[in-house]
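The structure under discussion appears below in the form of structure tokens.
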Amino acid sequence: MSCYEKWSIGTNIFIAIGTISSVFVAIFGEKIRYWFNKPKLSVEILDAKGELTKWHNGVRVYYYHLVFKNLKPGRTIKKCSVFLKKMQRLDYDGNFIDISISVPPRYIWAPAEKNRESLDIISEQVLDFGYLTEHYITHQPNYFVPSLESKPNNLNVFAGEKDSVRYHLEVISENYTQKRLIIVEFSWNGEWTENINEMQKNFSFKIV
């Protein structure tokens, strides 16, 4: 085989490879670009101690928040909502028992006054996870209350004294797909104080 024939074959191979690559990019280019630039989300506890404040009626209350961070700010996570998909409650044997939820209620984005069902996350957004008040209703036990738009009538979503509950959160968005549910555990021994450092010894608020 002459040098010209070898050069011609090599040239044709490179042309064929270029043609195939062009076709591949034309067909799958958008998916490739999305894969490299797809939104990425992280969830953290905003303040493990909670935020101590007062309601208008003077009742002292701790609020607990999660912060949702967009790890690729150049790609906005659109119309993001968070739902309580499932719960687990610790039983007397030390095992978490599954509690199914037929109609998952929606969590409330902060500030709650804006009453937003969904929002875009460009950089980060704060979610109201729940609150724990001082014991001000004498004939009722005290509870940690998750910040949900509605409380299912047939489901106990609260974490009471000496209780430990895991809340499984589902993120729904137009352009973000969640790999696994976010599991947030809240445990409380029943003690309440306005001393923030002492209060932190009475509960556990963590992502597991």
Side-chain angles (χ1 to χ4, degrees), residues 40-53 55 59-69 71 80-110 112 125-172 176-208:
K40 191 174 182 181
L41 187 68
S42 73
V43 182
E44 302 172 7
I45 290 174
L46 183 61
D47 187 349
K49 294 181 179 181
E51 178 189 358
L52 178 62
T53 185
W55 285 348
V59 173
R60 296 169 298 179
V61 56
Y62 283 97
Y63 278 95
Y64 303 94
H65 302 93
L66 300 175
V67 58
F68 287 68
K69 295 184 177 181
L71 300 183
C80 187
S81 299
V82 181
F83 295 86
L84 177 58
K85 185 69 172 180
K86 191 179 79 169
M87 290 176 56
Q88 291 178 307
R89 193 177 300 275
L90 190 66
D91 68 4
Y92 296 107
D93 296 326
N95 300 311
F96 280 94
I97 305 302
D98 289 349
I99 303 171
S100 60
I101 301 175
S102 55
V103 181
R106 191 194 315 263
Y107 273 90
I108 298 173
W109 291 105
Q125 291 288 346
V126 175
L127 184 83
D128 281 340
F129 180 70
Y131 61 87
L132 180 61
T133 67
E134 60 182 329
H135 197 182
Y136 68 101
I137 304 178
T138 56
H139 62 278
Q140 290 184 6
N142 210 14
Y143 299 101
F144 166 79
V145 181
S147 297
L148 302 169
E149 283 187 346
S150 61
K151 309 293 191 300
N153 294 327
N154 60 343
L155 179 66
N156 177 11
V157 297
F158 310 117
E161 298 179 5
K162 297 180 176 58
D163 211 353
S164 184
V165 178
R166 286 182 175 177
Y167 299 90
H168 295 242
L169 280 55
E170 181 180 30
V171 177
I172 302 294
Y176 170 77
T177 303
Q178 187 179 24
K179 291 183 178 179
R180 60 183 290 269
L181 295 177
I182 302 160
I183 305 173
V184 184
E185 182 178 315
F186 195 94
S187 306
W188 180 46
N189 66 6
E191 299 294 327
W192 202 101
T193 175
E194 65 177 347
N195 184 311
I196 294 179
N197 292 325
E198 288 298 320
M199 184 61 182
Q200 193 176 18
K201 300 175 184 178
N202 297 328
F203 71 90
S204 173
F205 173 40
K206 61 185 179 181
I207 296 173
V208 297

**Q.** Test side chain to side chain contact (heavy atoms under 4.5 Å, CB included) applied to L84 and Y107, step by step
**A.** CA-CA 7 Å; L84 177 58; Y107 273 90; 3.8 Å; yes
For the residue pair [X] and [Y], establish whether any side-chain heavy-atom pair is separated by less than 4.5 Å.
| X | Y | value |
| --- | --- | --- |
| Y62 | E51 | no |
| V208 | K206 | yes |
| F68 | I182 | yes |
| L132 | F203 | no |
| V61 | T53 | yes |
| R89 | I97 | no |
| V165 | Q88 | no |
| I108 | E149 | yes |

Could you give the distance from [atom1] ([X]) to [atom2] ([Y]), rounded to the nearest 0.5 Å?
| X | Y | atom1 | atom2 | result |
| --- | --- | --- | --- | --- |
| E134 | E194 | CD | CD | 8.0 Å |
| D47 | L66 | CG | CG | 12.0 Å |
| S100 | M87 | OG | CE | 11.0 Å |
| E44 | K69 | CD | NZ | 3.5 Å |
| N195 | L52 | CG | CG | 10.0 Å |
| K40 | K179 | NZ | NZ | 7.0 Å |

Q | Step-by-step side chain to side chain contact (heavy atoms under 4.5 Å, CB included) determination, F205 to I45 | A | CA-CA 8 Å; F205 173 40; I45 290 174; 3.4 Å; yes
Please check: side-chain N/O of [X] versus main-chain N/O of [Y], any donor-acceptor pairing under 3.5 Å?
| X | Y | result |
| --- | --- | --- |
| W192 | T133 | yes |
| W109 | A112 | no |
| Y167 | V157 | yes |
| D91 | D93 | yes |

Q. Within a radius of less than 6.0 Å around NZ of K151, do more than 12 heavy atoms belonging to other residues, nucleotides or ligands occur?
A.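 For K151, atom NZ is crowded (more than 12 foreign heavy atoms under 6.0 Å).
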Q: For K86, look at atom NZ and say whether over 12 heavy atoms of other residues, nucleotides or ligands are found less than 6.0 Å away.
A: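 Enclosed: over 12 neighbouring heavy atoms sit under 6.0 Å from NZ of K86.
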Heavy-atom pair of closest approach, residues [X] and [Y]:
| X | Y | answer |
| --- | --- | --- |
| N197 | K49 | OD1-NZ, 2.8 Å |
| K85 | I101 | O-CB, 3.8 Å |
| G190 | E161 | CA-CG, 3.6 Å |
| V43 | I207 | O-CD1, 3.4 Å |

Q | Trace of the side chain to side chain contact (heavy atoms under 4.5 Å, CB included) decision for F96 with S164 | A | CA-CA 9 Å; F96 280 94; S164 184; 3.7 Å; yes
Q.
With side chain to side chain contact (heavy atoms under 4.5 Å, CB included) as the criterion, how do F144 and F186 come out once you've worked through the C-alpha distance, each side chain's angles and the decisive distance to 0.1 Å?
A. CA-CA 8 Å; F144 166 79; F186 195 94; 3.6 Å; yes
**Q.** side chain to side chain donor-acceptor pair (under 3.5 Å) assessment of N189 paired with K201
**A.** CA-CA 9 Å; N189 66 6; K201 300 175 184 178; over 6 Å; no
